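Okay, structure first, notes after.
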Amino acid sequence: MSTVTAPGKASGVRIVRRAAWFAGALFWAAFAVLEGVNHGWPAVILALTFFVVPDLAFLAGLREARTVEPGQLPPRAVPYYNSLHRALVPFALMVVYTVTPLNWAPIFAALCGWMAHISFDRALGYGLRTKDGFQRHP
């Protein structure tokens, strides 16, 4: 027995999922700003740095960029891109940060910036990549 999803239902679920990611992105961005306001420039600099760093994975495939199709990430860069765009990684590090005696707020600000980046990407429709470098679509 095969289950077929009505076209409207799949897009409705996708819209709700993206809206939830957008709400999360706003939350993590606001939290990063709050950490920056409360803890000064080191927190601001780390939050902004970790907001940008996940996309530096593109540099791993720079040499192959001319050989791939539009929208495709060079396969060499895929493992780096996917590992930097998994929300579980910064979230797990946040848990570790909160249960250990480590107490330097800029680290938490950096993790908030990283989560904001991932959340904005998901809200805008950018997810993990296949091993060939194309977007995965749930």
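Computed from a predicted structure; not experimentally measured. Residues: numbered from 1 along the sequence shown.
Qualifying ring pair (Phe, Tyr, Trp, His ring centres under 6.0 Å) partners for F27, counting only residues two or more places apart in sequence or in other chains: F31. Under the ring pair (Phe, Tyr, Trp, His ring centres under 6.0 Å) criterion, F58 pairs with Y81, sequence neighbours left out.
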Test side-chain contact (heavy atoms from CB on, under 4.5 Å) applied to L124 and W21, step by step: CA-CA 9 Å; L124 295 172; W21 276 111; over 6 Å; no
Verdict with supporting geometry, F51 and F120, side-chain contact (heavy atoms from CB on, under 4.5 Å): CA-CA 10 Å; F51 186 78; F120 276 119; 3.8 Å; yes
Chi angles and distances behind the side-chain contact (heavy atoms from CB on, under 4.5 Å) call for Q135, R129: CA-CA 5 Å; Q135 287 286 329; R129 302 292 184 125; 3.0 Å; yes
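Closest approach of P90 to M115, counting heavy atoms only: CG-SD, 3.4 Å. Of all the heavy atoms in V44 and G36, the pair that sits closest is CG2-CA, 3.6 Å. Counting all heavy atoms, side chain and backbone alike, A32 lies closest to G113 at CB-N, 4.1 Å.
Contact check for L56 versus V53: side-chain heavy atoms found under the 4.5 Å cut-off.
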Just list the side-chain donor-acceptor pairs under 3.5 Å for residues 61-75, sequence neighbours left out, or say none.
unit_1 : atom_1 : unit_2 : atom_2 : d
T67    : OG1    : E64    : O      : 2.7
Q72    : OE1    : E69    : N      : 3.0
Q72    : NE2    : D132   : O      : 2.6

What pairs of donor and acceptor atoms, side-chain ones from residues 98-111 against any protein atom, are under 3.5 angstrom apart with sequence neighbours left out?
unit_1 : atom_1 : unit_2 : atom_2 : d
T98    : OG1    : M94    : O      : 3.3
T98    : OG1    : V95    : O      : 2.8
T100   : OG1    : V96    : O      : 2.9

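Formation of a donor-acceptor pair under 3.5 Å by the R122 side chain with backbone atoms of G127 is not found in this model. A donor-acceptor contact shorter than 3.5 Å is absent between the side chain of W28 and the backbone of A23.
Pairs of residues two or more places apart, or lying in two chains, that qualify as side-chain hydrogen bond (donor to acceptor under 3.5 Å, both in side chains) and include a residue from residues 82-96 are D55-H85, H85-H117, H85-D121.
Around the CZ atom of F22, the shell of radius 6.0 Å holds no more than 12 heavy atoms that belong to other residues, nucleotides or ligands.
Summarising the hydrophobic clusters (Ile, Leu, Val, Met, Phe, Trp, Tyr; side-chain heavy atoms under 4.5 Å, direct or chained), the residues clustered with L88 are none.
Linking Ile, Leu, Val, Met, Phe, Trp and Tyr residues whenever their side-chain heavy atoms come within less than 4.5 Å places W41 and L48 in a single cluster.
Here F50 contributes atom CZ and L93 contributes atom CG; the two are 9.0 Å apart, rounded to the nearest 0.5 Å.
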